[in-house]
Amino acid sequence: MTRGRILIGELEHDLTHLRPFPITVTPKAQDAPSYRVLVSFGHHTFTRAFDEDVDNPDHRYEEDGDVRCFCQDRYLASKGLPSLIRQGAAGRAYFSQTRNYMLIDQPLGGAPYAVFFNIERAKALKGIEVTMFVVSAYEKPGLPARSRLPAISFATLVSKTARGEAVKRPKK
């Protein structure tokens with residue numbers, strides 16, 4: 001989805017920073033091929049659950065039948081997502097409790113900022129081998145330390161995905 005500007009109440013919010021973009025990922029192995037990854041974002045990166053009893057109706061946001069609440073905190077944090085993903089592509093991805101993965105940013109003195117994403121082999125996208133969909137991103141205070149989470153290098157995750165290989169969760 002190509003994002004532009006949205007009107008929440010009487011305030012306009014620019015979401016162009018959440019437009020899809022490609023990154024190139026190259027595993028460290030000698031002569032390893034580079035892979036092009038198309039990164040896109042879901043609306044949970046700037047919204048949270050909507051509570052009709054508490055939330056301002058002007059903050060109601062609906063996309064594909066999913067009713068959410070525009071969240072100023074998530075919106076402001078989302079502005080750093082493209083940069084965080086570009087930097088995270090050189091590091092490690094962490095296995096979440098379910099089927100997706102996480103990139104984790106740990107601001108000094110702040111709660112961990114978890115970026116949940118799905119990754120799959122691209123289907124009929126010229127020059128793109130893998131797609132990465134950022135499902136959600138938010139502060140997650142109770143997240144265990146990164147050293148306690150099962151992880152895989154982001155480049156290995158991309159490489160295995162592009163080649164159609166199974167990605168196995170390591171035992172921790």
Side-chain angles (χ1 to χ4, degrees), residues 1-23 25 35-86 88-89 93-105 107 110-144 149-150 152 154 157-158 160-162 164 166-167 169:
M1 168 177 255
T2 300
R3 300 207 181 271
R5 298 177 188 285
I6 60 171
L7 194 61
I8 300 296
E10 295 184 13
L11 294 176
E12 185 177 78
H13 297 277
D14 183 0
L15 296 174
T16 57
H17 62 282
L18 296 178
R19 287 183 174 163
F21 64 90
I23 58 174
V25 176
Y35 299 98
R36 295 283 285 169
V37 178
L38 182 63
V39 180
S40 61
F41 301 90
H43 61 281
H44 286 220
T45 59
F46 60 90
T47 65
R48 60 171 172 73
F50 187 80
D51 183 342
E52 290 187 27
D53 295 331
V54 177
D55 292 324
N56 181 337
D58 289 345
H59 290 183
R60 186 178 189 274
Y61 180 87
E62 185 173 349
E63 189 172 300
D64 298 329
D66 185 22
V67 176
R68 305 274 294 171
C69 181
F70 178 81
C71 177
Q72 187 69 24
D73 292 337
R74 285 190 184 196
Y75 168 70
L76 292 173
S78 77
K79 291 183 177 198
L81 279 171
S83 167
L84 192 152
I85 289 165
R86 286 182 178 99
Y94 299 88
F95 289 81
S96 74
Q97 290 181 339
T98 58
R99 66 178 184 87
N100 53 15
Y101 304 92
M102 293 183 289
L103 293 176
I104 302 169
D105 188 29
Y113 181 66
V115 179
F116 296 90
F117 66 94
N118 297 326
I119 191 165
E120 64 182 34
R121 197 174 190 178
K123 298 172 183 82
L125 290 173
K126 186 174 181 171
I128 300 291
E129 289 83 26
V130 173
T131 58
M132 175 183 177
F133 179 70
V134 178
V135 178
S136 190
Y138 53 90
E139 284 189 347
K140 193 155 176 63
L143 190 68
L149 295 170
I152 184 171
F154 189 86
L157 176 60
V158 167
K160 284 181 172 283
T161 301
V167 177
R169 181 186 187 101

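Note: hydrogens, waters and symmetry copies are ignored here, and every other heavy atom, side chains too, is used. Owing to the predicted nature of the structure, the values given are computational and were not obtained by experimental measurement.
- Closest approach of N56 to D58, counting heavy atoms only: OD1-N, 2.7 Å.
- Residues G4 and R19 come closest through the heavy atom pair CA-NH2, 4.0 Å.
- Atom CZ in F41 sits 12.5 Å away from atom OG in S136 (nearest 0.5 Å).
- Side-chain contact between M132 and V25 is absent, with no heavy-atom pair separated by less than 4.5 Å.
- Of the inter-residue distances, the one linking F154 atom CZ with L103 atom CG reads 6.0 Å to the nearest 0.5 angstrom.
- Under the 4.5 Å side-chain criterion, counting only non-hydrogen atoms from C-beta, I128 is in contact with P22.
- Residues satisfying the ring-ring contact (aromatic ring centres under 6.0 Å, His included) test with Y113, not counting sequence neighbours, are none.
- With salt bridges taken as basic N to acidic carboxylate O contacts below 4.0 Å, none links R48 and D73.
- Under the ring-ring contact (aromatic ring centres under 6.0 Å, His included) criterion, Y101 pairs with F95, F117, not counting sequence neighbours.
- Contact of the V67 side chain with the R60 side chain is registered, since non-hydrogen atoms from C-beta on lie closer than 4.5 Å.
- Considering all non-hydrogen atoms of both residues, L38 and P20 come closest at CD1-CB, 4.2 Å.
- Not counting sequence neighbours, E139 has no partner by the side-chain hydrogen bond (donor to acceptor under 3.5 Å, both in side chains) test.
- Closest approach of E129 to R36, counting heavy atoms only: OE1-N, 2.5 Å.
- Looking at every heavy atom in both residues, P141 comes nearest to A111 through CA-CB, 3.9 Å.
- Aromatic pair Y138/F116: centroids less than 6.0 angstrom apart.
- Residues V130 and I119 meet the side-chain proximity criterion, which asks for heavy atoms closer than 4.5 Å.
- Taking 4.5 Å as the limit, some side-chain heavy atom of D66 sits within range of a side-chain heavy atom of H44.
- The line from NE2 of H59 to CG of D51 is 14.0 Å long, rounded to the nearest 0.5 Å.
- The nearest pair of heavy atoms linking L157 to A93 is CD2-CB, 3.9 Å.
- For H13, the ring-ring contact (aromatic ring centres under 6.0 Å, His included) partners are F70, Y75, not counting sequence neighbours.
- Remark: N118 engages no residue in a side-chain hydrogen bond (donor to acceptor under 3.5 Å, both in side chains) (not counting sequence neighbours).
- Taking the side chain as every heavy atom from C-beta outward, F21 and R86 approach each other to under 4.5 Å.
- At a threshold of 4.5 Å between non-hydrogen side-chain atoms, the residues E63 and T47 do not count as touching.
- Distance check: C71 SG to L76 CG gives 8.5 Å after rounding to the nearest 0.5 Å.
- From D105, atom CG reaches atom CD1 of I85 across 11.0 Å, with rounding to the nearest 0.5 Å.
- Rounded to the nearest 0.5 Å, atoms OH (Y61) and SG (C69) are 12.5 Å apart.
- Partners of E12 according to the side chain to side chain contact (heavy atoms under 4.5 Å, CB included) rule, which considers only residues two or more places apart in sequence or in another chain, are R5, L7.
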